[in-house]
Every structure is written in C-alpha cells, then in structure tokens.
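Read through the structure below, which is laid out as structure tokens, and then see the notes.
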Amino acid sequence: MAIPNRDIADLFDRVADLLEIKGEIIHRVLSYRRAAESIYDLPRDLAAIAADGTLTDIPGVGKTLAEKIEELLNTGKLQFYEKLTTELPAGLVDVMRVNGVGPKKAKLFWEQLQVSDLTTLEAAAREGKLRGLPKMGEKSEANILLGIEALSRQTGRMPLGTAYPAARALLDALLALPQSVDGAIAGSIRRARPTIGDVDLLIAVKDMADAAPIMEAFVGQGQVARILGHGPTKSSVELHNGLQVDLRILEKTRWGTALAYFTGSQQHNIRLRERALARHLSLNEHALSPTDDAGNILEDAPKILCDTEEKVYEALGLPWVAPELREDGGELEAAQTGVLPALITLADIQSDLHIHTTWSDGTASVREMAEAALVRGRKFIVITDHSVGATIANGLSVERLLAQQVEVRKVDAEMNGKIRVFHGTEMEIKADGTLDFPDDILAQLDFVIASLHISLRQPREQITARLLNAIKNPHVDLIGHPRGQLIPDREPADLDMDAVFAAAKMSGIALEINASPNRLDLEAQYARRAVELGILLAIDTDAHHIESLDNMHYGVSTARRGWVEAPSVLNTWPLEKFEAWLRSRGKA
DNA sequence: GCCGTTTTCGGCCCGACTGTTTTCAGTCG
C-alpha cells in the first residue's frame, strides 16, 4: 500500500530537524520544512501526482525532493534519512520539541552528555548535569524539566470550535481594560485553520505607555498555569487547560502592520516581506521602512505607518487578501494579477440542507428547528434524520420515515412560506456498500444525503467502492461529511479522493462541507480541488441541537480557506434555483 | 534545497524575549 502523504511530510520534517542539529545551512533545512508543509495540505495522493509526473509542481518540491518522494513511494524507505540516523539518534527530534531546546542545545546535550531522546534528557536534567554545560545554568535546567512535563500534558492541537470561544473570552477581558483601544484574535484562528496550536491575541493602545497594565493583567489571570515569556510588548502563557496564548501590544497607528504580522501564516508573511524588499521596503510588525539597494534600512527616511491591513497590501501594490487565504497557496500571485476569488460569506447562505430532529438523535422537534432556522435567516431547510442502519442514533425505519414526512409537510404548511421545510434523509452507506433505503422510498424524498458512519477503517479499495456506489445512485443528491474525520481524534477514511471527485463530477451530485467544528469535512484543500473540477458543494450545520445551527460560520470559513465562491455552493442559491436543480435531477 | 518582474547562481524575513553573559547566541513565532 502506498505511503500516506502525511507520513512522507513527517519524514521530511524529521530530516529537517536532524539536518539542523547537524549544523546544515538553514536554507537547506527550511526547504525540507517547506516541502513538508506543502505535502500536508495536498488534496491528492503523492502516488497519483508522481504517476502524472508533476511532483515538481508542488510548491517547494524541486528535482531533489521529487526524487526522494519517488524513492519513498517505491521502496517505503529513504536512504538519506537512514544515513542521518546512523550519525545522530532519531530521538533528538523529540528533544527539540521541548520548549527552549533548539538544534544547538540538542547537539550540545548529545555530544557532551550522550542525550539521545526525552528519557535520557530528563535523566540528565534531574541529575543536574545540564547546568555545567556552556551557556547553561540552573534556571535553564529547571525550564527544560518544566518543558518536558508540559509536553506530556499537551494533547495536540485544539479544534477551532474549542479554541475560538476561549480566545474570544480572553480577548473580551483584555478589551474591557481602560487602556485597550482595539483588539483582535489573530494567528491560525483568524485564518480559520481546523485545528489550533496556540492562541494569538493582539491589543492596540493609544500610546505604548499604556501597555504595561494590560500585560500585567494578561499574565496575572487566574487561568495562567505558567508564564513562558513576559516582556513589555509581548508575553506568552500556558493556561491550566494546556492552551498556549501569546499577546502582542502595539500602538493603534501600527494596527495594520501588526495585525498582518500576527495573523500569518509565517510563509505568507515571508512572501510579503520579500515583496516589500523588492520595492526597497523592509516590512515588520511596526512599519514599512525604506531601504537601500542592499536591503539596509535608511534610518533617516520616514517610515510608512499603516493603521489598516489594506494600507499594508496597498503599499506592496496589492489588494487586501482575506486572512483565510494567507497560506502561501498562490494568493499573492492571484492578488498581483487581480484574480483573487470573490469569497463566499455567511450572508450568502440561504439554506441548511442537513438537520436532525428528535425523530432520530436530535434534541428539537421539526417545528422547533424550522423556527430556529428562520430566526437565523434561512429561507429553506431540509430535515435529514438518520436512517435505520444508524441504530445508535435511533435511525428511522421506512415506516417512521414516511410518518415523519407527514409531519414535515404539516410544519412546512404551517410556516406559511416564511421558511420552506423539505423532507430528506441522512442515509447510511452500510459496511457492505449497500444503501439503507430502497430506491422507491428514496424517490419519495425531496433530498437525499448519503453518509459513511461505520466501518471507516476499511481498506482503501473497499471504502472507496462504498462511497462510489452511493454517488452513483441517481436518488442521492449529497455526500455528507465525505472523509469521515473527527477533529481532533479520528483520522479521515483512506479514500481515493481522485476517484470520488471523478464520480461526483460524473453524477452531478454535491459534496458537503460539514460545518460542525468537530468535522469541517471536506477540508479546505479538498473543497478547492472540488470546485476546480466543477463539482458542487453544500455547507451544512448537521445540527442536532438548536444552538448548533450557529455553526454555519465555521463551514463558511472552511470554504473560504478553499477559495470557494458563492455560486459553487448549493445552499447559497435562492429557493427557485434549488428547486430547479432538484427537478433537473429527476425529483418531483 | 528551491527558485527567477534584479538572478539558472546567489540569494533566501524579521524582531522580541531569555539566560547567560558583560555583549549576545539561541529560541520562538
């Protein structure tokens, strides 16, 4: 079986770490990291790209790394890595994960104390052996022990849906301080990454003299378990729940450069700064500074302050780029040539095509969900409870499904046109690939979602065949949460997405971006690929409770990360267009 | 090791904070 993309990306990251410890020139190291990042976010299998002979089209992958990918795909191994691990212990990669330990210290510990992994590092620290090394003291040694402890506490990246409300609460507390003029959540939350490593908060003050009380309040909060750094303009804390939060404070006159800097991504920032240099400007979080031909800042020349992000991009000859696009995925080239997408917004959403009720495992009635959707501005919804095979979710038998239809029709009539309520199902794709309802029953429904919930660990060929069978059924309109991942714990199913996209294109069905923050499935890179291939998407809340109807924005943000424009999304369409689409698919 | 609106060779973003030092290297984002 082919090696998953993420395993190859992980290996490149390990190679980068080992090369850095060896003292290899940093740009060679960064090449491996950059390629790893690109590979993580690919919407296609490396094996398929290699078969097309287009590996070097991947950003950051040149001739050398393409050959290494081929070697990994063909042999499952990488000689270069094997050789590196004969020179250095592979466990040093873990040693570098400890906060405060970088390549130089990892090398020092290895050479002086034969530290080869976290276990031997901890032992050396406990025995007081680190403090004797050059540039090391008792404080550094104690911090390393704390860092090792923190590693074991870390549960990995946090779902966006957990991090965002927490960040919002922290920000609101800081904004309540009298010295705060403005504030924002920046970093990967602002870019709406599905998982969050740490929270980046930005506060603006009128004058930097106002920064100190805000900073003191930040590091002095009750939730703070440990202060990782504490300076006048920048502090970093770890909360009791394991979340790391960074705060930057800058003057309001520098808001634009500061927000752009703190939003990232790092690669996007690097591209912006390179672009600035090409225009004889040096860009940092404070300002744009004129430079000479060698890139040295001209101290006498006036700096350009930007109080908005628009001004930063404008100074670089570009239109403003939406945060969700700032991943160095071609957004600057698109901005340069004036072809940035007109990204979908929450206001474009007309309907919600995936909603559960008390008929299966929801907590509100059909009527309650309809009224709650109306309050949220939806023009129409589809009630899609689970089918009989979803026994844990109290799935509907054919008899109950038809009984439910009577109730849905009644509620639809009672809503009197204020919101239309359609009747559908979220039907199980069973483990053997068959569907849960016969065609003559499906034909009686307004809208049919088919979803994978069980046996998600089947081998690629088998699980892909299951999904393709559902896609080919003429009654199925939408595939719910196609990849089956649960954030952060469950990996997606091992699907051949090229085959899924080809089948979806052929049958004309839509693929879902499930807006539940525990799913966000399709992910952005797959949504982008789907749209490129001309496949329709739908963004649905999959709400099981009234409050979950508010999750729509997470799905919209995910779509925006995927460069998606409103016309590609089924539920931005007005009712008439939606109904016309259903008719074109042979529905009454 | 990658890459090209200066370049197929020679560049490759930039600053804050820490701990250990007497002026800065290492780490982080």
Side-chain angles (χ1 to χ4, degrees), chain A residues 12 15-16 19-21 23-38 55-69 80 96-108 130-144 147 186-188 197-200 202 211 215 219 227-236 244-250 254 257-258 260-289 291 293-297 317 328 332-333 336-337:
Chain A
F12 280 0
V15 167
L19 285 176
E20 197 178 10
I21 293 169
E24 185 60 71
I25 56 160
I26 192 64
H27 299 109
R28 191 176 175 211
V29 173
L30 293 176
S31 295
Y32 280 90
R33 296 232 170 91
R34 169 106 208 285
E37 221 168 280
S38 281
L55 283 174
T56 53
D57 288 352
I58 300 168
V61 175
K63 190 163 171 287
T64 306
L65 290 183
E67 280 168 7
K68 287 183 163 61
I69 292 169
F80 184 58
M96 281 226 311
R97 287 171 53 226
V98 178
N99 200 308
V101 180
K104 296 287 169 31
K105 287 197 175 144
K107 185 180 190 186
L108 183 71
L130 302 183
R131 66 184 67 175
L133 297 172
K135 301 255 188 178
M136 290 288 299
E138 286 182 37
K139 215 162 184 176
S140 302
E141 193 174 73
N143 277 337
I144 283 171
S188 49
D198 58 25
V199 172
D200 297 308
L202 183 65
M215 209 46 102
V219 299
I227 299 173
L228 301 169
H230 180 20
T233 70
K234 175 181 171 179
S235 289
S236 193
Q244 184 181 322
V245 186
D246 299 339
L247 171 66
R248 265 321 270 274
I249 304 180
L250 284 110
R254 302 166 190 270
T257 42
Y261 157 74
F262 220 29
T263 298
S265 65
Q266 192 172 26
Q267 273 310 315
H268 179 86
N269 284 350
I270 288 172
R271 295 285 170 263
L272 281 185
R273 289 167 178 198
E274 285 173 352
R275 191 179 170 87
L277 281 176
R279 303 167 86 87
H280 287 97
L281 291 167
S282 173
L283 171 63
N284 62 26
E285 60 267 49
H286 304 286
L288 287 144
S289 309
T291 68
D293 288 345
N296 302 307
I297 291 174
D328 192 25
L332 290 180
E333 292 78 0
Q336 167 71 35
T337 50

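If you're wondering where the values come from, they're calculated on a predicted model, not measured in any experiment. Numbered from 1 within each chain, the chains take letters A, B, ... in sequence-line order.
Taking the P atoms as reference points, B:dT5 lies 24 Å from B:dG1, given to the whole Å. Look at the C1' atom in both B:dT20 and B:dA25: the space between them is 9 Å, to the nearest Å. Only the C1' atoms considered, B:dA16 is 22 Å distant from B:dC12, to the nearest whole Å. Taking the C1' atoms as reference points, B:dT23 lies 16 Å from B:dC17, given to the whole Å. Rounded to whole Å, the C1' atom of B:dG26 lies 13 Å from the corresponding atom of B:dT21. The gap from the P atom of B:dT6 to that of B:dC2 amounts to 23 Å, rounded to the nearest Å. B:dC14 and B:dT8 have their C1' atoms separated by 28 Å, given to the nearest Å.
Judged purely by atom type and a 3.5 angstrom limit, A:Ser235 has no side-chain atom pairing as donor or acceptor with the backbone of A:Met215. A donor-acceptor pair under 3.5 Å links the side-chain atoms of A:Glu141 to the main chain of A:Leu130, judged by distance alone. Under a 3.5 Å cut-off, the side chain of A:Thr257 and the backbone N or O of A:Glu285 do form a donor-acceptor pair.
Across all strands shown, A:Lys234 has heavy atoms under 4.0 Å from base atoms, whether or not it also approaches the sugar-phosphate. Nucleic acid contact for A:Ser235: none, since no nucleic acid atom lies under 4.0 Å from a heavy atom of the residue. Counting non-hydrogen atoms under 4.0 angstrom, A:Pro134 reaches nothing in the nucleic acid. At the heavy-atom level, A:Glu138 lies under 4.0 Å from the strands shown only through sugar-phosphate atoms. A:Gln244 comes within 4.0 angstrom of sugar-phosphate atoms only, judged by non-hydrogen atoms across all strands, and of no base. A:Thr233 comes within 4.0 angstrom of sugar-phosphate atoms only, judged by non-hydrogen atoms across all strands, and of no base. Among the protein residues, A:Val98 comes within range of the sugar-phosphate backbone only, with heavy atoms under 4.0 Å from sugar or phosphate atoms but none that close to a base. In this structure, A:Leu30 reaches neither bases nor backbone, as no heavy-atom distance under 4.0 Å exists between it and the strands shown. Counting any heavy atom pair closer than 4.0 Å across all strands shown, A:Leu283 reaches sugar-phosphate atoms only and no base atom. At the heavy-atom level, A:Val29 lies nowhere under 4.0 Å from the strands shown. Across all strands shown, A:Lys68 has heavy atoms under 4.0 Å from sugar-phosphate atoms exclusively, and none from any base.
Mapped onto DNA chain B by nearest heavy atom, A:Leu65 and A:Gly137 fall at different nucleotides, with A:Leu65 at the one closer to the 5' end. For A:Val61 and A:Pro232, each mapped to the nucleotide of DNA chain B holding its nearest heavy atom, the one lying further toward the 5' end belongs to A:Val61.
For DNA chain B, the neighbouring residues in residues 262-271 of chain A, judged by any heavy atom under 4.0 Å, are A:Gln266, A:Ile270.
In a base pair of the Watson-Crick type (N1 to N3 plus N6-O4 or O6-N4) or a G-U wobble (N1-O2 and O6-N3), with each distance short of 3.5 Å, B:dT8 is matched with no nucleotide.
Salt-bridge check for A:Glu20 with A:Arg33: passed, with a basic side-chain N closer than 4.0 Å to an acidic carboxylate O. Salt-bridge check for A:Arg34 with A:Glu37: failed, with every basic side-chain N at 4.0 Å or more from each acidic carboxylate O.
Atom CG of A:Leu272 is separated from atom CG of A:Leu277 by 11.5 Å, given to the nearest 0.5 angstrom. Put simply, NZ on A:Lys68 and NZ on A:Lys63 are 10.5 Å apart, with the number rounded to the nearest 0.5 Å. Of the inter-residue distances, the one linking A:Asn269 atom CG with A:Tyr261 atom OH reads 8.0 Å to the nearest 0.5 angstrom.
In plain terms, the two heavy atoms of A:Ser31 and A:Leu65 that are nearest each other are O-CD1, 4.0 Å. Heavy atoms only, all atoms of each residue included: A:Leu332 and A:Arg271 are closest at CD1-CB, 3.3 Å.
Of all nucleotides in DNA chain B having an atom under 4.0 Å from a heavy atom of chain A, the first and last in 5' to 3' order are B:dG1 to B:dG29.
Classification of the A:Tyr32-A:Phe80 ring pair by plane angle, with boundaries at 30° and 60°, yields parallel.
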